[in-house]
Amino acid sequence: MPRRKLLKLATFNVNGIGARLSQLLSWLEVEQPDVVALQELKALDQAFPAAQLEDAGYGAIWHGQRSWNGVALLGRGVTPVESRRGLPGDHSDAQSRYIEAAVHGVIVGCLYLPNGNPQPGPKFDYKLAWMRRLQRHAGSLVGLPAPVALLGDFNVIPTDADVYDPGAWRKDALIQPESRQVWRQLLQQGWTDALREVFEDEQVYTFWDYFRQHAERDRGLRIDHLLLNPVLAAGLQEAGVDRWVRLQEKASDHAPTWVRVRI
DNA sequence: ATGACTCATCGCATGAGA
């Protein structure tokens with residue numbers, strides 16, 4: 001028998017690493033994920049709290065940006081070995097939205113897909129162009145003979161089952177047919193949508209906006225996703241959303257979302 | 001149809017988020 005280990009991989013849009021550091025640290029301590037993909041750091045590289053994360057037992061790589069965007073990868077007890085920062089296909093794209101590394105034997109892409117609102121318009125065009133670049137890059141990863149995961153805030157509501165009220169979001173970039181079509185094309189490459197695989201028909205959300213007590217009332221969206229290539233999907237054991245984090249005071253509007261896999 | 005919240009920024013409002 002080959003040696004096997006159980007790994008917990010998580011994605012968490014923190015909506016400002018500065019405003020969320022204490023919550024991030026307490027979540028890490030309670031849940032002890034092995035690999036964490038973070039989005040929306042909203043901080044310059046020099047403001048990333050590497051020392052505090054190191055004290056908490058996590059090595060990190062990050063790609064910051066002033067005010068907006070920003071992504072990072074954390075490894076429990078290890079520093080991720082970076083393989084890429086930025087999606088290929090557009091050298092003029094200066095937004096910090098993708099970082100990739102080997103962590104605990106898994107190739108992990110951490111992504112923050114553009115929101116795309118308002119649509120139609122240039123921001124929606126940028127979203128779709130970014131998605132096509134992601135599709136191309138994902139196509140080069142899915143068939144590797146190694147475990148690969150794409151983790152992040154995809155800003156796509158895959159189906160009407162992934163939103164509390166499809167009608168309320170009808171004009172939003174997250175739910176447009178064009179966005180969903182590229183999502184489906186990603187899955188057709190062979191990726192497994194881990195949360196949907198585990199929850200099947202059960203309702204599960206990862207984001208609840210700050211308005212009208214949507215978190216408390218569980219009126220949310222499923223937009224944070226974990227895509228597993230066939231090698232990794234073969235070891236999928238469990239998946240979940242740490243909604244308790246979203247219900248805390250001063251929470252991000254997203255909750256940490258995770259899978260447990262045997263590799 | 002709008003705005004409700006929240007974060008970051010040389011802020012006393014604005015842009016962006018989703």
Side-chain angles (χ1 to χ4, degrees), chain A residues 11-25 27 37-49 62-72 93-98 110-131 134 151-180 182-183 195 203-225 241 243 245-257:
Chain A
T11 179
F12 184 17
N13 178 323
V14 291
N15 187 15
I17 188 86
R20 219 67 62 205
L21 182 58
S22 65
Q23 285 200 359
L24 173 62
L25 292 173
W27 170 70
L38 299 177
Q39 304 88 34
E40 278 211 84
L41 303 179
K42 294 184 171 180
L44 290 166
D45 277 339
Q46 55 264 39
F48 187 81
W62 60 93
H63 191 197
Q65 188 172 341
R66 180 186 292 279
S67 300
W68 298 303
N69 310 318
V71 286
D93 185 359
Q95 300 189 24
S96 300
R97 294 182 176 276
Y98 189 83
C110 167
L111 63 103
Y112 175 47
L113 206 147
N115 171 296
N117 281 306
Q119 77 77 33
K123 292 194 172 183
F124 191 59
D125 295 341
Y126 173 67
K127 179 192 187 107
L128 292 178
W130 204 96
M131 289 189 82
L134 175 65
L151 314 180
D153 177 356
F154 282 68
N155 271 319
V156 176
I157 300 167
T159 73
D160 284 355
D162 298 306
V163 50
Y164 65 94
D165 180 358
W169 291 80
R170 185 169 49 90
K171 295 182 177 175
D172 197 279
L174 278 61
I175 205 172
Q176 293 312 304
E178 296 94 326
S179 311
R180 287 177 160 180
V182 186
W183 168 261
L195 237 70
Q203 171 187 299
V204 55
Y205 301 137
T206 67
F207 165 91
W208 301 259
D209 68 32
Y210 288 119
F211 309 131
R212 292 174 286 207
Q213 296 191 292
H214 275 169
E216 292 79 0
R217 297 160 60 202
D218 200 17
R219 291 169 72 80
L221 316 176
R222 190 174 73 94
I223 55 176
D224 300 275
H225 303 306
V241 179
R243 183 160 172 246
V245 175
R246 177 64 182 86
L247 295 172
Q248 290 181 310
E249 291 292 318
K250 301 284 288 179
S252 168
D253 37 9
H254 298 251
T257 303

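Below, chain A is the first sequence line, B the second, and so on; all start at residue 1. As the structure is a computational prediction, the values presented were derived from the model and not from experiment.
- Summarising the geometry, the separation between CZ on A/Arg212 and P on B/dC5 is reported as 9 Å, rounded to the nearest angstrom.
- A/Asn15 comes within 4.0 angstrom of sugar-phosphate atoms only, judged by non-hydrogen atoms across all strands, and of no base.
- Nearest-nucleotide positions on DNA chain B place A/Leu44 closer to the 5' end than the other of A/Leu44 and A/Leu113.
- For the C1' atoms, the distance linking B/dA1 with B/dT6 amounts to 23 Å, nearest Å.
- Under the Watson-Crick and G-U wobble criteria, each requiring two contacts below 3.5 Å, nucleotide B/dT2 is left unpaired.
- For the pair A/Gln213 CD and B/dT6 C1', the computed distance is 16 Å after rounding to whole Å.
- Taking atom CD of A/Gln46 as the reference point, atom C1' of B/dA8 lies 15 Å away to the nearest angstrom.
- Comparing atom distances between the A/Tyr210 side chain and each of B/dT9, B/dG17, B/dA18 picks out B/dG17 as nearest.
- When the nucleotides B/dA4, B/dC7, B/dA18 are ranked by their closest atom to the side chain of A/Phe211, B/dA4 comes out on top.
- Judged by distance alone, the side chains of A/Tyr210 and A/Asn15 do bring a donor and an acceptor atom under 3.5 Å apart.
- The same atom, C1', is picked in B/dT2 and in B/dC12; the two are 25 Å apart, to the nearest Å.
- Contact check, A/Arg222 against B/dA18: no side-chain N or O comes under 4.0 Å of OP1 or OP2.
- Contacts of A/Phe154 with the nucleic acid, taken as non-hydrogen atoms under 4.0 Å apart, are absent.
- When side chains are defined from C-beta on, A/Val163 counts as touching A/Leu221, because their heavy atoms get closer than 4.5 Å.
- Distance, A/Leu247 CG to B/dC5 C1': 16 Å, rounded to whole Å.
- Atom CD of A/Glu40 and atom P of B/dA8 are 10 Å apart (whole Å).
- Regarding contacts with the backbone of B/dT6, every side-chain N or O of A/Arg20 stays at 4.0 angstrom or more from both OP1 and OP2.
- Among the heavy atoms of the strands, none lies under 4.0 Å from A/Asp224.
- Taking only side-chain nitrogens and oxygens, A/Lys42 never comes nearer than 4.0 Å to OP1 or OP2 of B/dT6.
- We find that CZ of A/Arg66 is positioned 15 Å from C1' of B/dG15, with the value rounded to whole Å.
- Remark: C1' of B/dA16 and NE2 of A/His254 are 12 Å apart, rounded to the nearest angstrom.
- Atom pair A/Gln95:CD and B/dG15:P shows a separation of 17 Å (rounding to whole Å applied).
- Contact check, A/Tyr112 against B/dA18: a side-chain N or O comes under 4.0 Å of OP1 or OP2.
- A/Lys171 has a side-chain polar atom (N or O) that falls below the 4.0 Å cut-off from OP1 or OP2 of B/dA1.
- Cation-pi geometry between A/Arg20 and A/Trp27 is not satisfied (NZ or CZ under 6.0 Å from the ring centre, within 45° of the ring normal).
- For A/Asn115, counting side-chain heavy atoms from C-beta on, the closest listed nucleotide (B/dA18, B/dA8, B/dC5) is B/dA18.
- A heavy-atom distance below 4.5 Å is found between the side chains of A/Lys127 and A/Ser179.
- A distance of about 15 Å separates the C1' atoms of B/dG15 and B/dC10, rounded to the whole Å.
- Atom name C1', nucleotides B/dA16 and B/dG11: the rounded distance is 15 Å, in whole Å.
- Using atom P as the reference point in both B/dA13 and B/dA4, the two lie 16 Å apart (nearest Å).
- In this pair, A/Tyr164 and A/His214 present their aromatic rings tilted. The plane angle is within the 30 to 60° band.
- A/His214 comes within 4.0 angstrom of nothing in the nucleic acid, heavy atoms only.
- The side chain of A/Trp68 lies closest to B/dA16, out of B/dT9, B/dA18, B/dA16.
- Side-chain atoms of A/His225 and A/Leu195, non-hydrogen and from C-beta on, never get closer than 4.5 Å to each other.
- The partner of B/dT9 is B/dA13, by the rule that a Watson-Crick or G-U pair needs both atom distances under 3.5 Å.
- Residue contacts shown for A/Asn69 are absent, as no nucleic acid heavy atom lies under 4.0 Å away.
- Looking only at side-chain heavy atoms (C-beta outward), A/Val14 and A/Leu21 stay at 4.5 Å or farther from each other.
- In this structure, A/Asp253 reaches neither bases nor backbone, as no heavy-atom distance under 4.0 Å exists between it and the strands shown.
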